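Just below is one structure, and these are the notes that go with it.
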Amino acid sequence: MSSLQFYNSLTRQKEVFSSLIPGRVGMYVCGPTVSGESHLGHARPFITFDIVYRYLRHLGYQVRYVRNITDAGHFEEEGRESEDKISKKAILEKMEPMELVQKYTNLFHWAMREFNNVEPSIEPTATGHIVEQIVMIQRIIADGYAYEANGSVYFDVEKYHRDFSAKGMQYGILSGRVLDDQLETTRELESQEEKRNKADFALWKHAAPEHIMRWQSPWGEGFPGWHIECSAMSNKYLGAEFDIHGGGMDLQFPHHECEIAQSAVCNHKIPAKFWLHNNMITINGRKMGKSYNNVIKLSELFSGTHEILTQGYSPMTVRFFILQTHYRSTLDFSNEALQAAEKGLRRIWEAFTQLNKLVISENNISAGDPDLEQKCFEVLNALDDDMNDDLNTAKVLAGLFELVPVINSIKDGLIKANALTTATMQMMKEKFNTFLVDIFGLRDEKKHDDQKLGAVLQLIAEIRKDARTKKDYATSDKIRNQLLEAGIQLKDEKDGGLSWELV
RNA sequence: GGUCCUGUGGCCGAGUGGCUAGGCAGAGCUCUGCAAAAGCUUCUACAGCGGUUCGAAUCCGCUCGGGACCUCCA
């Protein structure tokens, strides 16, 4: 079997993954800013890295997965308004800042549960780590790579670049940006005069009097810059050097680039070995974001209450939709695509359910259909390789879909039960379970397990069967049609049995 | 303007120098009292133009189109 490879943004190539400490993995993923409700675009990294987390654990690693909550807020428009995003909205809504933060944190957690994302090992908050951030800033100042100006502290990018290029940690190492170009093209912003250089970024910002969220620091009352929180928290919980740092591609620059610079000064190392970035979700070809005014919040997505939605899409449909594309490709949203995902998910899940119900004959050593046996065996074996190839979930799903007709045919008796060997049948069950449930985190959203409903339907099935035997189709059709209206679809099986599905 | 990514059939999307990806939709057939589901078969492809090659959707160049980042951003 192949070994796991990730595309590393830092080296711009696929690399075989190996952890710094055998058997253990440290992973940091940039979490949400809880100044508003999460939207569809936010779902992608958290689902993507949930898959990474699940897969690494599946491979036997003990993983510490750290995903922060940004609750201190960074600047909406750095310099110009110099205002804390979170406290700004809190004033509008007349809420305590922490009340607002709590509200959106709760909503975020709700969405994560809906998506069936495994909880991270540690979910640190920026406000809970002000001290660590201040200490880190002091260290950077002491080493001469940051300076104070009017109660704010800025990172000296040019000096850092000059000194650290020789150590192979030039500014731009991750994003491929050339600092000289930066210096020319960075926009003019009002409080730029505090900075020695346009490319410098804030480590600490002086708080204007109207600021609600503020903390004491050696430089007066203020609040931390955006980039420092991730550096401080990843360093605290994962150490100076850890295995994986993840986030959206839009964070590659400047956020992750700045993280590297900060950590490099403090620890003389690039903090993470592997940098993984998921691509964006677009809507009509445009990135989903506030500035484009095309945001679909997750609650709207699930309920269908947004003007561009023709219906609601369940969390598992969205999850499946995301999995059908490679994480480094852009994914374009459309009602058509989501509806296709919904149907595709239902199809594969139905086959999976049937597969688990199949009774596998024991000790069938010779396949009744050697060609089919061979084909299934190859498809099943390719699954791990595809997953190892930089998490090609799309290809894994395509492989599973190839087996769907086989499963359905066995169930319907179109393929003989002894066509496949016992070993292959068991492998099929195992792989479907492993990938769909354990690694992809899909789950049944319908309530099949309602025992009372099951009992009632059992009775109705018998009544309907009697009617059909007597060729009283008026009665049997009435039962079926009325139940369909009630959201229960009856299906007559080939063997005379009856199955139902909540629709 | 700078840096980078991308252009696959009606839609969404994998992909590799030579082998049908897959899903959804469409068409036909089978099964069925009729449905539904399912099975089988099937129609639409690799933006354009050159080049490298025995052979390219896959490599190179150019043209055209789309996007991301350079500012908060998942």
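We name chains A, B, ... by the order of the sequence lines, and we start the count at 1 in each one. Note that the structure is predicted; figures quoted are calculated from it, not measured.
Taking a centre distance below 5.5 Å and an interplanar angle below 30 degrees as the stacking criterion, A:Tyr473 stacks against the six-membered base ring of B:G33.
Separation of the P atoms belonging to B:A68 and B:C59 is 24 Å when rounded to the nearest angstrom. B:U44 and B:C24 have their C1' atoms separated by 15 Å, with the value rounded to a whole Å. Spacing between B:A57 and B:G33 at atom P, rounded to whole Å, works out to 50 Å. Distance check on atom C1': B:G26 versus B:G10 gives 8 Å, rounded to whole Å. If you take atom P in B:G28 and the same atom in B:A35, they sit 14 Å apart, rounded to whole Å. Taking atom P in both B:G17 and B:C72, one finds a spacing of 40 Å when rounded to whole Å. Spacing of C1' atoms, B:G9 relative to B:C4, comes out at 29 Å, to the nearest Å. Across B:G18 and B:G13, the matching C1' atoms stand 24 Å from one another, rounded to whole Å.
What separates CD of A:Glu257 from P of B:U3 is a distance of 16 Å, to the nearest Å. Between the CD1 atom of A:Ile479 and the P atom of B:A35 there is a distance of 19 Å, given to the nearest Å. If you take CG of A:Asp472 and P of B:C34, they are 17 Å apart, rounded to a whole angstrom. Counting to the nearest Å, the C1' atom of B:A74 and the NE2 atom of A:His245 are 12 Å from each other. Residue A:His256 contributes atom NE2, which lies 14 Å from atom P of B:C69 at whole-angstrom precision. Nucleotide B:C72 holds its C1' atom 13 Å from the NZ atom of A:Lys205, rounded to whole Å. The CE atom of A:Met280 sits 14 Å away from the C1' atom of B:C4 (whole-angstrom rounding). Atom pair A:Lys287:NZ and B:A68:C1' shows a separation of 7 Å (rounding to whole Å applied).
Judged purely by distance below 3.5 Å, without hydrogens or angles, the side chains of A:Asn335 and A:Thr310 pair a donor atom with an acceptor atom. There is no side-chain donor-acceptor pair under 3.5 Å between A:Glu257 and A:Tyr171. Side-chain polar atoms of A:Arg44 and A:Asn279 form no donor-acceptor pair below 3.5 angstrom.
Residue pairs meeting the salt bridge (Lys or Arg N to Asp or Glu O under 4.0 Å) criterion with at least one partner in residues 323-342 of chain A, sequence neighbours excluded, are A:Arg328-A:Asp390. Counting only residues at least two apart or on different chains, the salt bridge (Lys or Arg N to Asp or Glu O under 4.0 Å) pairs with a member in residues 399-415 of chain A are A:Lys411-A:Glu493.
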Practice prompt. Map every base of RNA chain B to its dot-bracket character, where paired means a Watson-Crick or G-U wobble contact with both distances under 3.5 Å and | marks a partner outside the strand.
Written response: (((((((..(((.....[...))).(((((.......)))))....(((((..]....))))))))))))....

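Nearest to the side-chain atoms of A:Glu402 among the listed nucleotides B:A68, B:A21, B:C34 stands B:A21. If you check B:G33, B:G23, B:A74 against the side chain of A:Phe401, the one that comes closest is B:G23.
A salt bridge links A:Arg196 and A:Asp156; the closest N-O separation between the charged side-chain nitrogens and carboxylate oxygens is under 4.0 Å. Between A:Arg464 and A:Asp492 a salt bridge is recorded (basic side-chain N to carboxylate O distance below 4.0 Å). A salt bridge does not link A:Lys470 with A:Asp466: none of the charged nitrogens is closer than 4.0 Å to a carboxylate oxygen. Ionic pairing of A:Asp384 and A:Lys431 is present here: one or more N-O contacts between side-chain nitrogen and carboxylate oxygen are shorter than 4.0 angstrom.
Applying the side chain to side chain donor-acceptor pair (under 3.5 Å) rule to A:Asp385 yields the partners A:Ser2; only residues at least two apart in sequence or on another chain are considered.
Regarding contacts with the backbone of B:A68, a side-chain N or O of A:Arg286 is found under 4.0 angstrom from either OP1 or OP2.
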Could you run down the sub-3.5 Å N/O contacts of the protein with nucleotides 36-39 of chain B?
{"unit_1": "B:A36", "atom_1": "O2'", "unit_2": "A:Gln489", "atom_2": "OE1", "d": "3.0"}
{"unit_1": "B:A36", "atom_1": "N1", "unit_2": "A:Asp492", "atom_2": "O", "d": "3.1"}
{"unit_1": "B:A38", "atom_1": "O3'", "unit_2": "A:Asn408", "atom_2": "ND2", "d": "3.0"}
{"unit_1": "B:A38", "atom_1": "O2'", "unit_2": "A:Asp412", "atom_2": "OD2", "d": "2.9"}
{"unit_1": "B:G39", "atom_1": "OP1", "unit_2": "A:Asn408", "atom_2": "ND2", "d": "3.1"}
{"unit_1": "B:G39", "atom_1": "OP2", "unit_2": "A:Arg347", "atom_2": "NH1", "d": "3.1"}

Pairs under 3.5 Å (N/O, protein and nucleotides 12-19 of chain B):
{"unit_1": "B:G13", "atom_1": "OP1", "unit_2": "A:Asp332", "atom_2": "N", "d": "2.8"}
{"unit_1": "B:G13", "atom_1": "O2'", "unit_2": "A:Gln324", "atom_2": "O", "d": "3.4"}
{"unit_1": "B:A14", "atom_1": "OP1", "unit_2": "A:His326", "atom_2": "N", "d": "2.9"}
{"unit_1": "B:A14", "atom_1": "OP1", "unit_2": "A:Ser329", "atom_2": "OG", "d": "3.0"}
{"unit_1": "B:A14", "atom_1": "O3'", "unit_2": "A:Asn392", "atom_2": "ND2", "d": "3.4"}
{"unit_1": "B:G15", "atom_1": "OP1", "unit_2": "A:Asn392", "atom_2": "ND2", "d": "3.4"}

Practice prompt. Take A:Tyr7 and A:Leu276, measure what side chain to side chain contact (heavy atoms under 4.5 Å, CB included) needs, and give me the verdict at the end.
Written response: CA-CA 7 Å; A:Tyr7 179 87; A:Leu276 272 50; over 6 Å; no

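Figure legend: A:Arg67 and A:Phe46 shown as a cation-pi pair, the cationic atom lying under 6.0 angstrom from the six-membered ring centre and within 45 degrees of its axis.
Listed for the A:Thr105 side chain is a donor-acceptor partner under 3.5 Å among the backbone atoms of A:Val101.
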